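When a residue number appears, it is its place in the shown sequence, counting from 1. None of these values were measured; they are calculated from a predicted model.
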Amino acid sequence: MRIGRRTFATLGPIAALGLLAACGSEDEGGAGGGGGEGDFVTDLTFGTGGTGGVYYPLGGEYATIYEDNIEGLTVNYTDSGASVENIGMIFQEEWQLGIVQSDTAQTAVTGTGEFEGAKVDNIGWIAALYPEAAHIVTLAGNGLESPADLKGKRIAVGDVGSGTRAVSDAILSVYGIEEGDYEAFEQDFASSLDLLRDNNIDASVFVVGTPTGSLGDLAATNDVQLVSMDQDKAEEVASESSFDVYTIEPDAYDFLEEPVVTLSVAATLIASMTQVSPEVGYDITAATFEHAGEITLPQGGLINHDFALSGQGDVPLHPGAEKYYKEQGLL
């Protein structure tokens with residue numbers, strides 16, 4: 001079941017994080033909505049991402065799986081600005097499930113980066129689902145052969161409330177390109193591709209599971225290029241961050257002829273620890289793996305126990321997930 005998008009992402013990023021800080025901070029502790037242990041619900045809202053990416057359809061398929069296989073559970077999935085918004089809404093106890101980038105979850109629980117002064121203490125790790133890669137997309141004729149060529153260009157750097165901006169900043173920074181050296185467009189995945197198609201921007205950076213059908217659709221009508229990072233630059237960023245070096249192989253997209261070096265994070269399912277009970281958290285974790293074969297997206301084939309804890313870092317396991325992993329011998 002789908003519901004309409006809430007208003008969190010309509011705030012600017014500073015205002016949104018200010019709202020989080022007002023709801024609760026590192027010093028004050030506690031979840032934003034004031035709920036405590038035992039205030040559990042079975043009518044869940046599941047924050048996903050923009051409609052042009054993978055999070056949204058994947059969340060929709062999992063919402064159906066959870067409703068069909070967990071007695072008494074209702075799951076309403078919604079499009080969103082992705083990682084930051086999903087975490088923010090769970091922190092406020094408006095939503096209970098979300099798909100996020102693993103690096104964004106890490107900054108949320110440590111109160112760093114975008115979450116400076118607004119440490120999030122009520123999200124629990126359910127599972128890393130699949131690796132998602134940073135795509136630097138441009139069209140032939142734009143003269144972009146390296147990320148270094150992005151200086152002075154018009155670049156879509158990710159939607160407000162997404163985790164893509166951190167990856168975009170890291171890639172640009174390692175090539176000596178800082179804020180003010182380019183024109184930034186804060187757009188969701190689908191909108192950025194529309195802007196690129198109409199030549200209103202020069203490039204789009206987005207983090208998404210590979211392959212993504214929307215990019216294939218763009219390539220059907222336009223001469224698309226993916227810009228590769230230099231291996232040493234990618235390794236430099238990875239050594240100083242929670243990103244991993246990743247290679248998009250030529251067989252990922254019909255238009256690719258050579259491997260593309262980039263960065264990746266884990267697309268991760270998280271749940272509220274104040275509103276999702278250990279029992280429901282356990283059932284959700286189990287269903288995530290036991291019914292992964294029903295996922296029709298290509299990413300479904302990547303969801304497995306071996307990847308489940310990739311990128312977890314300091315993010316605490318949801319108690320239900322912890323029980324499941326101990327039973328499976330993964331802890």
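- The salt bridge (charged side-chain N to carboxylate O under 4.0 Å, His left out) contacts involving residues 293-315 comprise nothing, where partners must be two or more places apart or lie in separate chains.
- For Ser191, the side-chain hydrogen bond (donor to acceptor under 3.5 Å, both in side chains) partners two or more places apart in sequence, or in a different chain, are Asp188.
- Residues forming a side-chain hydrogen bond (donor to acceptor under 3.5 Å, both in side chains) with Asp169 (at least two apart in sequence, or on another chain): Arg165.
- Under the 4.5 Å side-chain contact rule for hydrophobic residues, Leu139 and Leu195 share a cluster.
- In this structure the side chain of Asn222 never reaches within 4.5 angstrom of the side chain of Leu196, judged on heavy atoms.
- Note that CD1 of Ile90 is 9.0 Å distant from CZ of Phe46, once rounded to the nearest 0.5 Å.
- Listed here is the closest heavy atom pair of Asp159 and Gly81: OD2-CA, 3.6 Å.
- Contacts classified as ring pair (Phe, Tyr, Trp, His ring centres under 6.0 Å) and involving residues 219-238 (residues at least two apart or in different chains) are not found.
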Side chain to side chain donor-acceptor pair (under 3.5 Å) evaluation trace for Ser102 with Gln312: CA-CA 7 Å; Ser102 56; Gln312 181 192 353; over 6 Å; no
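- Contact annotation: the side chain of Tyr55 approaches that of Gln101 to within less than 4.5 Å [non-hydrogen atoms, C-beta and beyond].
- Few gaps surround CG on Asp181; more than 12 heavy atoms of other groups in view lie less than 6.0 Å from it.
- In this structure the side chain of Pro131 reaches within 4.5 angstrom of the side chain of Leu302, judged on heavy atoms.
- His135 and Leu215 get closest at one heavy-atom pair: CD2-CD2, 3.8 Å.
- Asp103 contributes atom CG, which lies 8.5 Å from atom CD of Glu114 (distance to the nearest 0.5 angstrom).
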Please walk me through it: do Ile295 and Leu58 pass side-chain contact (heavy atoms from CB on, under 4.5 Å)? CA-CA 7 Å; Ile295 297 297; Leu58 180 63; 3.8 Å; yes
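- Remark: side-chain polar atoms of Ser214 are not paired, donor with acceptor, to backbone N or O of Thr212 under 3.5 angstrom.
- Across every non-hydrogen atom of Ala133 and Thr262, the tightest pair is CB-CG2, 4.0 Å.
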Can you check side-chain contact (heavy atoms from CB on, under 4.5 Å) on Val137 and Leu226, steps first, answer last? CA-CA 5 Å; Val137 185; Leu226 286 184; 3.5 Å; yes
side-chain contact (heavy atoms from CB on, under 4.5 Å) between Val265 and Glu132, intermediate numbers included: CA-CA 6 Å; Val265 294; Glu132 46 184 358; 3.7 Å; yes
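- The main-chain N or O of Glu235 is never found under 3.5 Å from a side-chain atom of Asp232 such that the two would form a donor-acceptor pair.
- Side-chain contact between Glu93 and Asn122 is present, with heavy atoms from C-beta onward closer than 4.5 Å.
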Could you give the side-chain donor-acceptor pairs of residues 146-157 under 3.5 Å, partners two or more places apart or in another chain?
from: Ser146; atom 1: OG; to: Ala148; atom 2: N; distance (Å): 3.1
from: Asp149; atom 1: OD2; to: Glu145; atom 2: N; distance (Å): 2.9
from: Asp149; atom 1: OD2; to: Ser146; atom 2: N; distance (Å): 3.0
from: Arg154; atom 1: NE; to: Asp202; atom 2: OD2; distance (Å): 3.2
from: Arg154; atom 1: NH1; to: Asn199; atom 2: O; distance (Å): 3.4
from: Arg154; atom 1: NH1; to: Asn200; atom 2: O; distance (Å): 3.2
from: Arg154; atom 1: NH2; to: Asn199; atom 2: O; distance (Å): 3.3
from: Arg154; atom 1: NH2; to: Asp202; atom 2: OD1; distance (Å): 3.1

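- For the atom pair OG1 (Thr285) and CD (Glu290), the distance works out to 10.0 Å, reported to the nearest 0.5 Å.
- Residues Thr288 and Leu129 meet the side-chain proximity criterion, which asks for heavy atoms closer than 4.5 Å.
- Under a 3.5 Å cut-off, the side chain of Trp95 and the backbone N or O of Ser272 do not form any donor-acceptor pair.
- Remark: Tyr66 pairs with Tyr62 by the ring-ring contact (aromatic ring centres under 6.0 Å, His included) rule, at least two apart or across chains.
- The structure places CG of Leu193 at 9.0 Å from CG of Asp217, a figure rounded to the nearest 0.5 Å.
- Follow the hydrophobic side-chain contacts under 4.5 Å out from Tyr324 and you reach Ile284 in the same cluster.
- Checked against salt bridge (Lys or Arg N to Asp or Glu O under 4.0 Å), Asp43 has no partners two or more places apart in sequence or in another chain.
- Contact check for Thr247 versus Glu249: side-chain heavy atoms found under the 4.5 Å cut-off.
- Contacts classified as salt bridge (charged side-chain N to carboxylate O under 4.0 Å, His left out) and involving residues 256-270 (residues at least two apart or in different chains) are not found.
- Residues Tyr77 and Glu61 are not in side-chain contact: their nearest non-hydrogen atoms beyond the backbone lie 4.5 Å or more apart.
- With sequence neighbours left out, the side-chain hydrogen bond (donor to acceptor under 3.5 Å, both in side chains) criterion links Gln96 to Gln275.
- Once rounded to the nearest 0.5 Å, the distance linking NZ of Lys119 with OG1 of Thr107 reads 12.5 Å.
- The salt bridge (charged side-chain N to carboxylate O under 4.0 Å, His left out) contacts involving residues 317-330 comprise Glu322-Lys326, where partners must be two or more places apart or lie in separate chains.
- The shortest heavy-atom contact between Ala271 and Leu97 is CB-CD2, 3.6 Å.
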Intermediate values then yes/no, side chain to side chain donor-acceptor pair (under 3.5 Å), Asn86 and Ser80: CA-CA 7 Å; Asn86 294 342; Ser80 77; 2.7 Å; yes
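- For Pro57, the side chain to side chain contact (heavy atoms under 4.5 Å, CB included) test picks out Leu297, with sequence neighbours left out.
- Note on residues 167-197: pairs passing ring pair (Phe, Tyr, Trp, His ring centres under 6.0 Å), not counting sequence neighbours, are Phe189-Phe206.
- The two residues Leu263 and Tyr246 have their closest heavy-atom pair at C-CB, 4.1 Å.
- Residue Phe40 comes nearest to Val276 through the heavy atom pair CD2-C, 3.7 Å, listed as atom of the first residue, atom of the second, then distance.
- Remark: aromatic rings of Tyr325 and His318 are distant, center separation not under 6.0 Å.
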side-chain contact (heavy atoms from CB on, under 4.5 Å) between Val245 and Val261, worked out: CA-CA 7 Å; Val245 178; Val261 177; 4.3 Å; yes
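- Looking at Asp283, Leu44, Val41, Asp68 one by one, the single match for side chain to side chain contact (heavy atoms under 4.5 Å, CB included) with Leu73 turns out to be Leu44.
- Distance OG1/Thr45 to CE/Met89: 8.5 Å, rounded to 0.5 Å.
- Side-chain contact between Phe115 and Thr110 is absent, with no heavy atoms from C-beta onward closer than 4.5 Å.
- Checked by atom type, the side-chain pair Thr74/Glu67 shows no donor-acceptor distance below 3.5 Å.
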